[in-house]
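The basis for the numbers below is simple: all heavy atoms, side chains too, and nothing from hydrogens, waters or symmetry mates.
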Amino acid sequence: MTTYTHIDSPLGQLLLTSREGKLSGLTFADQPHARIDPGWVRQDDAEIFAQTAQQLEEYATGERESFDLPLSLSGTPFQMLVWHAIAAIPFGQTITYSELAQRAGRSPKDARAVGTATGQNPVCWIVPCHRVVGKGGALTGYAGGIARKSALLEFEGAKSVGWEAILTHGDKQSALALA
């Protein structure tokens with residue numbers, strides 16, 4: 001059974017899904033692919049959703065650079081290989097799709113296939129596909145939109161060199177701002 005909820009984040013409302021108490025999806029609610037299937041059950045008080053919200057808040061306030069959540073991802077063996085390679089990209093760093101292909105044990109010529117698998121990442125932000133960029137650092141493709149990808153990269157780059165961008169989110173200060 002798949003359960004779901006919506007939570008707010010500094011980058012907009014998120015749709016979260018889970019299976020068997022593990023996070024199975026995180027999408028930006030305003031994107032076309034963020035849809036709720038009729039068989040899903042709304043469960044706003046699920047522990048995994050509270051953990052996800054807490055870790056996203058810690059990330060946004062600069063207290064966390066990676067996520068430690070139980071995941072239940074569905075994908076092909078190739079997609080899983082790519083998502084595992086994405087998860088290993090450190091905070092504040094970017095790599096190209098060609099580099100990602102190599103890290104996934106493929107030829108740099110497989111960059112297009114790797115890009116397609118990256119675009120199918122069901123938990124963007126948690127598995128940080130925003131850290132994958134095009135040739136020459138070009139910002140290409142992100143399920144949450146290029147503005148969010150840019151904001152995440154700016155935040156991560158800024159934090160790594162000690163800058164701060166401030167966004168008031170509720171009554172808390174967040175170091176993450178949507179450009």
Is a side-chain N or O of [X] found less than 3.5 angstrom from the main chain of [Y], in a donor-acceptor match?
X      : Y      : value
Lys149 : Val132 : yes
Gln79  : Thr76  : yes
Trp83  : Ala117 : yes
Asn121 : Val127 : yes
Gln55  : Asp68  : yes
Glu99  : Thr96  : yes
Ser107 : Lys109 : yes
Ser150 : Ile146 : no
Arg131 : Ile89  : yes

Least distance between heavy atoms, [X] atom then [Y] atom:
X      : Y      : result
Gly12  : Arg148 : CA-NH2, 4.3 Å
Gly144 : Phe28  : CA-CD1, 3.3 Å
Ile86  : Cys129 : CG2-N, 3.6 Å

Problem set entry | CA sep, side-chain torsions, deciding dist, call: Val123, Phe67, side chain to side chain contact (heavy atoms under 4.5 Å, CB included) | CA-CA 11 Å; Val123 289; Phe67 298 95; over 6 Å; no
Exercise. Would the number of heavy atoms belonging to other residues, nucleotides or ligands and lying under 6.0 Å from CD of Glu58 be above 12?
Worked result: yes
Problem set entry | Flag if over 12 foreign heavy atoms under 6.0 Å of NE2, His84 | no
Problem set entry | Beyond-backbone contact of Leu56 with Leu14, side-chain heavy atoms, under 4.5 angstrom | yes
Exercise. Can you tell if the side chain of Val41 reaches within under 4.5 Å of the side chain of Thr2, non-hydrogen atoms only?
Worked result: no
For this session: Could you check Phe49 against Thr3 for side chain to side chain contact (heavy atoms under 4.5 Å, CB included), going step by step and ending with a plain yes or no?
Result: CA-CA 10 Å; Phe49 299 147; Thr3 60; 3.7 Å; yes
Problem set entry | Salt-bridge present (Asp44, Arg42; N to O < 4.0 Å) |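 Judged by the 4.0 Å cut-off on N to carboxylate O distance, Asp44 and Arg42 do form a salt bridge.
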Exercise. Are Ile7 and Leu15 joined in one hydrophobic group, where the rule is that I, L, V, M, F, W and Y side chains link up if heavy atoms are under 4.5 Å apart?
Worked result: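 The answer is no; the residues belong to distinct hydrophobic clusters.
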For this session: Starting at CH2 of Trp40, measure out to OG of Ser18 and round the result to the nearest 0.5 Å.
Result: 10.0 Å
For this session: Look at the rings of Phe91 and Tyr59 and say which category their plane angle falls in: under 30° parallel, 30 to 60° tilted, over 60° perpendicular.
Result: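 Ring orientation, 0 to 90° scale: perpendicular.
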For this session: Starting from the C-alpha separation in whole Å, work towards a yes-or-no answer on side chain to side chain contact (heavy atoms under 4.5 Å, CB included) for Val133 and Thr140.
Result: CA-CA 6 Å; Val133 297; Thr140 60; 5.9 Å; no
For this session: Compute whether any side-chain donor of one residue and acceptor of the other, for Ser74 and Arg19, lie under 3.5 angstrom apart.
Result: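 Present: a donor and an acceptor within the cut-off.
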